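Down below is the structure, laid out as structure tokens.
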Amino acid sequence: MFLLFWSSIVLSVLLGHYANGHINKFEATVGCSQYNSNQGYNFAHPYFATGGFRNLQVDRNGVRRIRLGVLGNNDGHIRLAPVQFPYDRTVMNEIVLSGWDNTKTVVRRYTRTAPSAHTGQVVLKEQSSIGMMSQFEPLMFTLAVHPDGTVQFTNDKDSRPFLEFKDASLSANYVSFCNWDLSLVFFYDCPLEQEQQFCEGGLVLKKKYEELTCVKNGNRSEPVEIGN
């Protein structure tokens, strides 16, 4: 009875939280690790092993997903590398999220030879992203890497990727973050997004890329299908 009582309270809070429309934007970072970057582009920023992330998800098709975020006005640089110290003519990728004064996102491949040096840069993708980043709300997204080199960035607020490209040589064994002209806060190894939708007699609680589960009176039922 006590457990049922508290389960009902939690469910009521969740329903009220989404009904009144007042959401703390930083709740999306709960459970994430954090890296603060203010040393600039040429600093020897650390590379984190994605294989050791607690929240790494690998599905039956071999797609690897990690959830990340960035807080700041512009130029969120994400580097993907095959090794922890990619300075020995290492071919790797770099994604510039909303650089150029928060107007454009660019994907690059290059050969890195030192923390402050790289050669042979090739631009794989370039697209507009005016106003995508903000110092007041973290940009939270899921990074999905497919076995064929397809890479997708999907905003927590959407179900379709806002950035997609393909590079068969890409490796995401390690990830690093850096800023350009302004200090940034990066969030990584975040719990995969919890989608919450209404279903008949209850509330759906599920991870974004898993099957739906309907929660009724604090008890989970069989998976259900719910339209968008």
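This one's a predicted model, so the numbers in the text were calculated from it and none came from an experiment.
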Side chains of [X] and [Y] in contact at under 4.5 Å (non-hydrogen atoms):
X      : Y      : value
Val70  : Met133 : yes
Arg65  : Leu143 : no
Gln57  : Arg64  : no
Pro115 : Phe43  : no
Ile95  : Val107 : yes
Phe187 : Ser33  : no
Lys166 : Val151 : no
Leu68  : Phe141 : yes

> Given the rule in the side chain to side chain contact (heavy atoms under 4.5 Å, CB included) test, do Glu94 and His77 qualify, once you have shown the distances and angles that lead to the verdict?
Replying inline: CA-CA 7 Å; Glu94 181 176 280; His77 289 69; 3.6 Å; yes
At their closest point, which heavy atom of [X] faces which heavy atom of [Y], and how far apart are they?
X      : Y      : result
Met140 : Gly69  : SD-CA, 3.6 Å
Gly72  : Leu184 : CA-CD2, 3.5 Å
Thr154 : Pro161 : OG1-CA, 3.6 Å
Ala81  : Tyr47  : CB-CE2, 4.0 Å
Asn179 : Ser37  : OD1-OG, 2.6 Å
Asn61  : Pro147 : O-CG, 3.4 Å

Indicate yes or no for a side-chain donor-acceptor contact from [X] to the backbone of [Y] under 3.5 Å, with no hydrogens or angles considered.
X      : Y      : answer
Asn173 : Val83  : no
Lys125 : Glu164 : yes
Thr105 : Gln127 : no
Ser176 : Pro46  : yes
Ser98  : Asp75  : no
Ser128 : Ile130 : no
Thr111 : Gly120 : no

Quick one: pull up [atom1] in [X] and [atom2] in [Y] and give me the separation to the nearest 0.5 Å.
X      : Y      : atom1 : atom2 : result
Asn74  : Leu182 : CG    : CG    : 5.0 Å
Ser171 : Leu80  : OG    : CG    : 8.0 Å
Met92  : Leu170 : CE    : CG    : 10.0 Å
Met132 : Asn155 : CE    : CG    : 8.5 Å
Leu139 : Lys157 : CG    : NZ    : 8.5 Å
Asn73  : Asp101 : CG    : CG    : 8.5 Å

> Angle class for the Trp180/Tyr41 ring planes (parallel below 30°, perpendicular above 60°, tilted otherwise)?
Replying inline: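 Correct class here is perpendicular.
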>> Over 60° means perpendicular and under 30° means parallel, so tell me whether Phe85 and Tyr87 are parallel, tilted or perpendicular.
In response: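 Plane angle between 30° and 60°, so tilted.
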>> For Phe177, give me all partners under ring pair (Phe, Tyr, Trp, His ring centres under 6.0 Å), at least two apart in sequence or on another chain.
In response: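 In terms of ring pair (Phe, Tyr, Trp, His ring centres under 6.0 Å), with neighbours along the sequence ignored, Phe177 is linked to Phe186, Tyr188.
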> Which residues pass the ring pair (Phe, Tyr, Trp, His ring centres under 6.0 Å) test with Trp100, sequence neighbours left out?
Replying inline: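 With neighbours one apart ignored, the set is empty.
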> Could you go step by step and tell me if Val106 and Val123 meet the side chain to side chain contact (heavy atoms under 4.5 Å, CB included) rule?
Replying inline: CA-CA 7 Å; Val106 170; Val123 175; 4.0 Å; yes
> Could you go step by step and tell me if Val58 and Leu56 meet the side chain to side chain contact (heavy atoms under 4.5 Å, CB included) rule?
Replying inline: CA-CA 7 Å; Val58 183; Leu56 169 69; 4.2 Å; yes
> Is the shortest distance from a Lys or Arg side-chain nitrogen in Glu126 or Arg108 to a carboxylate oxygen in the other one below 4.0 Å?
Replying inline: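 Salt bridge flag = no for Arg108 with Glu126.
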> Below 4.0 angstrom, N of the basic side chain to O of the carboxylate: do Arg67 and Asp189 qualify?
Replying inline: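 Asp189 and Arg67: not salt-bridged.
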>> What I want to check is whether the side chains of Gln152 and His146 have a donor and an acceptor closer together than 3.5 Å.
In response: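 Their side chains do contain a donor-acceptor pair, which is all the 3.5 Å distance test asks for.
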>> Do Thr150 and Asp148 pair up side chain to side chain, a donor and an acceptor below 3.5 Å, judged on atom types alone?
In response: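 Looking only at side-chain atoms, Asp148 and Thr150 do form a donor-acceptor pair, the distance falling under 3.5 Å.
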> Other than Val63, which residues form its hydrophobic cluster under the rule that side-chain heavy atoms must be closer than 4.5 Å?
Replying inline: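 Under the 4.5 Å side-chain rule, Val63 groups with nothing.
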> Could you go step by step and tell me if Leu71 and Phe136 meet the side chain to side chain contact (heavy atoms under 4.5 Å, CB included) rule?
Replying inline: CA-CA 7 Å; Leu71 177 70; Phe136 302 111; over 6 Å; no
